[in-house]
Participant: 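Below you'll find the structure I mean.
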Amino acid sequence: MSQILLQRDGVVATVTLLHPGKLNAISLAMWEQLHAVFLQLSQDNILRCVIVRGADGNFAAGADIEEFPRVRSTVEQGRHYHEDVIAPALRAVAECPIPAIAAIDGVCVGGGLEIACACDLRIAAPNARFGIPINRLGFPLAPGELQGLLELIGKARTLEILLEGRVFDAAEAKEKGLLHRIADDVHQATQEAAARIAKGGPLAARINKQMVRRLTPAVVPLQEHEIEAAFAFLASHDYHEGVQSFLEKRPPEFRGTGRARI
């Protein structure tokens with residue numbers, strides 16, 4: 001069963017992404033749980049650091065694509081999935097007043113990378129793998145998820161990741177600005193970083209997070225017609241072909257034109 005686990009050890013909490021047998025692929029229920037957990041943590045005045053990690057040697061292998069025919073098959077479903085489920089979850093992580101560290105090993109792609117980018121610090125094992133290979137599925141990154149990646153690494157590297165759809169190693173991820181450091185024992189290194197944060201003034205840490213966010217240049221919100229255009233792909237042949245080919249484990253046959261037969 002997929003779920004988000006929460007453990008506390010003094011002033012440090014650990015949030016674990018768990019989806020056995022699927023490399024911790026993030027189900028719709030997990031996105032909703034992640035949102036609820038971080039809203040809960042945001043109200044805790046005792047905690048000084050949150051560690052986000054995956055179970056069983058992987059961070060997270062993106063969204064659970066097997067759910068897509070049921071929960072993300074139409075434009076209406078897609079907008080709900082991204083605007084009402086994923087975007088609020090990522091905001092809850094990013095806007096949590098408590099410093100958050102992503103401890104990354106194994107696979108960290110798609111939605112997993114989006115969660116890591118929403119954390120304040122990212123430490124990875126040398127074996128970690130990164131990317132957003134959704135071009136193979138025939139769909140773009142939703143605006144609410146694109147913004148976090150763009151703010152972190154800029155236009156050029158964001159376009160490289162999305163257009164090529166490569167999966168790359170931890171050294172390249174650090175070179176691109178996705179990681180703060182690489183550690184052989186990533187979980188020990190993360191615990192040490194959390195301990196350093198916890199020893200500092202908690203009020204100062206919260207104010208630093210708030211001010212950095214406040215002083216980051218604001219993005220002009222998209223207009224409704226731009227949002228509609230961003231999600232129009234959900235009615236396309238290519239989107240449904242991409243998902244179906246993934247589920248059938250075969251190469252997709254993209255057309256680039258026309259609407260899907262739904």
Participant: With a 4.5 Å limit on heavy-atom distance, are the side chains of I132 and L141 in contact?
Facilitator: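 Touching, per the 4.5 Å side-chain cut-off.
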Participant: Atom CG of D64 and atom CE of M30: how far apart are they, to the nearest 0.5 Å?
Facilitator: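 Here the interatomic distance stands at 9.0 Å.
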Participant: Run the ring-ring contact (aromatic ring centres under 6.0 Å, His included) check on Y81 and F68 step by step: do they pass?
Facilitator: CA-CA 10 Å; Y81 183 85; F68 281 11; 5.7 Å; yes
Participant: What heavy-atom pair brings A173 and F130 nearest, and what distance separates the two atoms?
Facilitator: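 Heavy atoms only, the tightest pair is CB-CD1, 3.6 Å.
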Participant: Any sub-3.5 Å donor-acceptor pair from D238's side-chain atoms to G256's backbone N or O?
Facilitator: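 Side chain of D238 to backbone of G256: a pair is present.
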Participant: Take D120 and I101, measure what side-chain contact (heavy atoms from CB on, under 4.5 Å) needs, and give me the verdict at the end.
Facilitator: CA-CA 6 Å; D120 303 299; I101 309 173; over 6 Å; no
Participant: When you measure from the side chain of R79 to the backbone N and O of Q77, does any donor-acceptor pair fall under 3.5 Å?
Facilitator: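 Flag not set: sc R79 to bb Q77 has no pair under 3.5 Å.
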Participant: Evaluate whether atom NZ of K22 has more than 12 neighbouring non-hydrogen atoms of other residues, nucleotides or ligands under 6.0 angstrom away.
Facilitator: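 Counting other residues, nucleotides and ligands, NZ of K22 exceeds 12 neighbours.
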Participant: Could you walk me through whether R72 and H82 pass the side chain to side chain donor-acceptor pair (under 3.5 Å) check?
Facilitator: CA-CA 9 Å; R72 189 181 181 268; H82 288 282; 2.9 Å; yes
Participant: Give the minimum heavy-atom separation between G78 and F231, together with the two atoms involved.
Facilitator: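 Between these two residues, the closest heavy atoms are O-CE2, 4.0 Å.
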Participant: Do you know which two heavy atoms are closest between L222 and I227, and how far apart they sit?
Facilitator: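 Closest heavy-atom pair between L222 and I227: CB-CG1, 3.9 Å.
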Participant: How long is the span from the CG atom in L28 to the CD atom in E67, to the nearest 0.5 Å?
Facilitator: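 Between L28 CG and E67 CD, I get 6.0 Å after rounding to 0.5 Å.
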Participant: Where do P133 and V109 come nearest, in terms of heavy atoms and distance?
Facilitator: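 Smallest heavy-atom distance, with atoms named: CD-CB, 4.3 Å.
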Participant: Please confirm whether the backbone N or O of A55 pairs with a side-chain atom of N24, one donor and one acceptor, at under 3.5 Å?
Facilitator: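 Between the backbone of A55 and the side chain of N24 there is a qualifying donor-acceptor contact (under 3.5 Å).
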